[in-house]
Structure formats: C-alpha cells, structure tokens
Amino acid sequence: MKPTQLDKLNHESAVPLVLEAQSRYQYAISGGSPVGESFQLNGKSYRYLSEDIGTKTKLISYLTQAYTKQASEQFVGKFFVEVNGRLAQLNADGGNLLEFNRATAKMVTMTPVKRSYLLTVPYPAETKQANAKITVNFEKVGNYWKISSAPHVIF
C-alpha cells in the first residue's frame, strides 16, 4: 500500500505517511531537482524551484499527495514567493538531524475524520540528545488520510 493512499490509520501506518511527507517537504524546501537559477530580490538571494514544482499549482499538487490542502498552502505561503508566475525561495539550506525513519507513533486523540499522534523521534546516537516529541495531526480527505499539520511545524 502506498503511504499516500492510506485508508486505515494506526500507530504503524502513521509513520510511513510521515516519511513520505518528510520526503516531499525536503524536496520542496531544497528547491526540487535541478534547482533553478538564482537572482536578487530586495537585496536577498533567491532561487527558482525546479520545473516540476515551479508553480504554486504544481507545488500544491505535489504536497497534497501527503498533506491536506490547508497545510500545503500554509507552508507554501510561508516559504515561497511568486516571481513572474514562478515560485522561488531564499537561497538557504534547511533540515534537521531527527531520524523519522526510526520514529514511533502513539495515538493521542481520535475521531472518525481527525486523529493526532505523538511521534517519538530519535536523534542520531552520537548527538546524545533526548528523543524529540512531535505531535502530528491527520485528517481524512475523501477516502485517504493526509497530514493536516503544516510541514514546517513537523520537520
């Protein structure tokens, strides 16, 4: 079962959807592939997103495979600017060390169409940091579960 077509959500199926969501977040926040050319705007360095996610419509479509429309729009509105009909972002590298592939999920709240899970996410052992606790909200959209927390709130 593809994590983007999740019709039953539980503590085991939540993590693969979070991993898919993280992958989509990382791809978007890194500008896609290949990253477009850089330019200056208001004294800051920006770069265009790659062609496959280079417009607001394309990026929202890509993100809504794993996130709700509202969460996707919140993220796009916060981190991207539209220049001549194309999306661009500040030239910067983001990311953290959390190992979501080793996360465990525990249900916190549950209704038929909305659920919250508390993820316990480890850092790499060598960092000697305590596990992060991150609440991720899910919402049923049509037949499938999507993440309703904005990407930048989780990752």
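Residue numbers count from 1 along this sequence.
- The two residues Pro3 and Pro16 make their nearest non-hydrogen contact at CB-O, 3.6 Å.
- Residues that satisfy the salt bridge (Lys or Arg N to Asp or Glu O under 4.0 Å) test with Lys106, not counting sequence neighbours, are absent from this structure.
- When hydrophobic clusters are built by joining Ile, Leu, Val, Met, Phe, Trp and Tyr residues whose side-chain heavy atoms come closer than 4.5 Å, directly or via intermediates, Tyr144 is not grouped with Leu17.
- Val108 and Leu9 sit in two unconnected hydrophobic clusters of ILVMFWY residues. Membership requires side-chain heavy atoms under 4.5 Å apart, directly or through other members.
- Residues satisfying the ring pair (Phe, Tyr, Trp, His ring centres under 6.0 Å) criterion with Tyr123, sequence neighbours excluded, are absent altogether.
- Pairing each heavy atom of Gln89 with each of Ser30, the nearest pair is OE1-C, 3.7 Å.
- Annotation: salt bridge (Lys or Arg N to Asp or Glu O under 4.0 Å) contacts of Glu51 (sequence neighbours excluded): Lys58.
- Partners of Glu20 by side-chain hydrogen bond (donor to acceptor under 3.5 Å, both in side chains), not counting sequence neighbours, listed by chain and number: Arg24.
- When each of Ile60, Leu59, Ile53 is tested with Lys56 by the rule side-chain contact (heavy atoms from CB on, under 4.5 Å), just one qualifies, namely Ile60.
- The six-membered or imidazole ring of His152 lies near that of Phe79, with a centre-to-centre distance under 6.0 Å.
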For Phe155 and Leu98, what are the C-alpha separation, side-chain angles and deciding distance, and is it a side chain to side chain contact (heavy atoms under 4.5 Å, CB included)? CA-CA 8 Å; Phe155 308 112; Leu98 289 170; over 6 Å; no
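- With sequence neighbours excluded, the residues that form a side-chain hydrogen bond (donor to acceptor under 3.5 Å, both in side chains) with Tyr27 are Asp52.
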Give the intermediate values and the outcome of side chain to side chain contact (heavy atoms under 4.5 Å, CB included) for residues Ser13 and Lys8. CA-CA 8 Å; Ser13 63; Lys8 291 180 178 40; 5.7 Å; no
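- Nearest approach of Gln40 to Ser45, heavy atoms of both residues: NE2-CB, 3.6 Å.
- For Glu99, the side-chain hydrogen bond (donor to acceptor under 3.5 Å, both in side chains) criterion is met by Arg102, not counting sequence neighbours.
- Without hydrogens or angle criteria, Ser61 side chain to Thr57 main chain gives no donor-acceptor distance under 3.5 Å.
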Name every donor-acceptor pair, under 3.5 Å, that has one atom in a side chain of residues 131-143 and the other anywhere in the protein, sequence neighbours excluded.
from, atom 1, to, atom 2, distance (Å)
Lys133, NZ, Thr120, OG1, 3.1
Asn137, OD1, Ser116, OG, 2.5

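- Listed by chain and number, the residues in a side-chain hydrogen bond (donor to acceptor under 3.5 Å, both in side chains) with Thr104 amount to none (sequence neighbours excluded).
- Residue Val35 is found outside any hydrophobic cluster, as its side-chain heavy atoms come under 4.5 Å of no other Ile, Leu, Val, Met, Phe, Trp or Tyr.
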What pairs of donor and acceptor atoms, side-chain ones from residues 67-75 against any protein atom, are under 3.5 angstrom apart with sequence neighbours left out?
from, atom 1, to, atom 2, distance (Å)
Tyr67, OH, Ala21, O, 2.8
Thr68, OG1, Ala71, N, 3.2
Lys69, NZ, Glu73, OE2, 2.9
Ser72, OG, Thr68, O, 3.0

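- With sequence neighbours left out, Glu37 forms a salt bridge (Lys or Arg N to Asp or Glu O under 4.0 Å) with Arg86.
- Leu41 forms part of a hydrophobic cluster together with Phe39, Tyr46, Tyr48, Val81, Val83, Leu90, judged by ILVMFWY side-chain heavy-atom separations under 4.5 Å.
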